> 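My questions will all concern the structure given below.
Because the structure is predicted, anything quoted here is derived from the model rather than measured. All ligand and atom numbering here is 1-based and tracks the order in the structure.
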Amino acid sequence: MRASLLQVAVNEDESVESRRRRVAALVRDQAGADLVVLPELWTTGAFAYEGFGTEAEPLEGPTYEAMAKAASEAGVWLHAGSVPERDPDGTLYNTSLVFSPSGELAASYRKIHRFGFDKGEAVLMGAGEKLVTVRLPDTVMGVATCYDLRFPELFRGLVDAGAETFVVPAGWPERRRAHWTLLARARAVENQAFVLACGTAGTHAGVPQAGHSVVVDPWGEVLAEAGPGEEVLTVDFDPATVAGTRDRFPALKDRVLGLDRPRP
Ligand SMILES: O=C(O)CCC(=O)C(=O)O
């Protein structure tokens, strides 16, 4: 299976409209890949909080339309990263969109763990409540977004739902790049799954982005890693490695659930 991670540069000197056109062309260029992955909130930037409201779209908004078309023109599965979605009730969500090679929406995922503590996404957006998996021809994809990477129980839930390949769009900041790579490898090893983690490059809202998108195999080995700038990271991997690893080293079968916990 061939995956291309598009580590898009999100800088303020480019308009959202122009970036959307540029990214659609980049997706079209990936014809021949099986899966193309975009980062989190690449239209606005994950730290450009003011843009969440002004650039928010209904689910089937301009980014949806452009990405559905690009997926069908390239004939690829497209995890189109996430957009600031405005629900009809007015609530904003950080929503990922997944398209099939015919341009149909295969799934959407509202980010469950909102980042920012008492500001930014954590106060401006609503929280998703549903785990999402998508069956691709060769693997079952489990989706998570950026800060979700810090919450192993979410990934265990995806494994229980059959996930073999985690796709994690992000807008991870440079200052915590070491965590990004470490957590991507941890989620891969503990769940014996592939991790395809696609971040942004550039600087927006004064926050330099980490870049360094990474693909990790079920043994925790890094198969490919991008540099700091805009880049297309293409990797070939065999999804059957997941079943092989889980058979040869069946640690997931030794999980002990429902342990009594001492009171804090
Ligand atoms: O957890 C982190 O360090 C970064 C998370 C983040 O930037 C996000 O979820 O948008």
> Closer than 4.0 angstrom: is that true for some heavy atom of F47 and an atom of ligand 1?
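The answer is yes, since F47 has a heavy atom less than 4.0 Å from ligand 1.
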> Closer than 4.0 Å to some heavy atom of R176 - which atoms of ligand 1 meet that?
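The list of qualifying atoms is 2 (C), 3 (O), 4 (C).
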> Atoms of ligand 1 less than 4.0 Å from P173 heavy atoms?
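Going through ligand 1 atom by atom, the ones under 4.0 Å from P173 are 4 (C), 7 (O).
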> Which bit of R150 is near ligand 1, meaning a heavy atom under 4.0 Å away: side chain, backbone, both or neither?
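The answer is the side chain.
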> Geometry only, no angles: is Y147 polar-contacting ligand 1 at N/O separations under 3.5 Å?
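Between Y147 and ligand 1, an N or O pair is found under 3.5 Å apart.
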> Provide the full list of side chain to side chain donor-acceptor pair (under 3.5 Å) pairs with a residue in residues 41-50, sequence neighbours left out, each pair given once.
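Listed once each, the pairs would be none.
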> Report yes or no: does K111 have a heavy atom closer than 4.0 Å to ligand 1?
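Contact present.
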> Report yes if the side chains of L41 and F52 come closer than 4.5 Å at any heavy-atom pair, otherwise no.
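When only atoms from C-beta onward are counted, F52 and L41 do touch, with a gap below 4.5 Å.
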> Return the orientation label for the F194 and F237 ring planes: parallel under 30°, perpendicular over 60°, tilted otherwise.
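Answer is tilted, since the angle falls between 30° and 60°.
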> Would you say H113 contacts ligand 1, with heavy atoms under 4.0 Å as the rule?
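Contact check H113 vs ligand 1: negative.
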> Could you tell me which atoms of ligand 1, counted from 1 in the order shown, lie closer than 4.0 angstrom to a heavy atom of G171?
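Numbered from 1, ligand 1 contributes 7 (O).
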> Classify the angle between the aromatic ring planes of W180 and W172 as parallel (below 30°), tilted (30 to 60°) or perpendicular (above 60°).
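Answer is tilted, since the angle falls between 30° and 60°.
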> Run the side-chain donor-acceptor check on residues 252-260: report pairs under 3.5 Å with partners two or more places apart or on a different chain.
| unit_1 | atom_1 | unit_2 | atom_2 | d |
| --- | --- | --- | --- | --- |
| R255 | NH1 | D160 | OD1 | 2.8 |
| R255 | NH2 | D160 | OD2 | 3.4 |

> Is the shortest heavy-atom distance from the side chain of E121 to the side chain of K111 under 4.5 Å?
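Yes, their side chains come closer than 4.5 Å.
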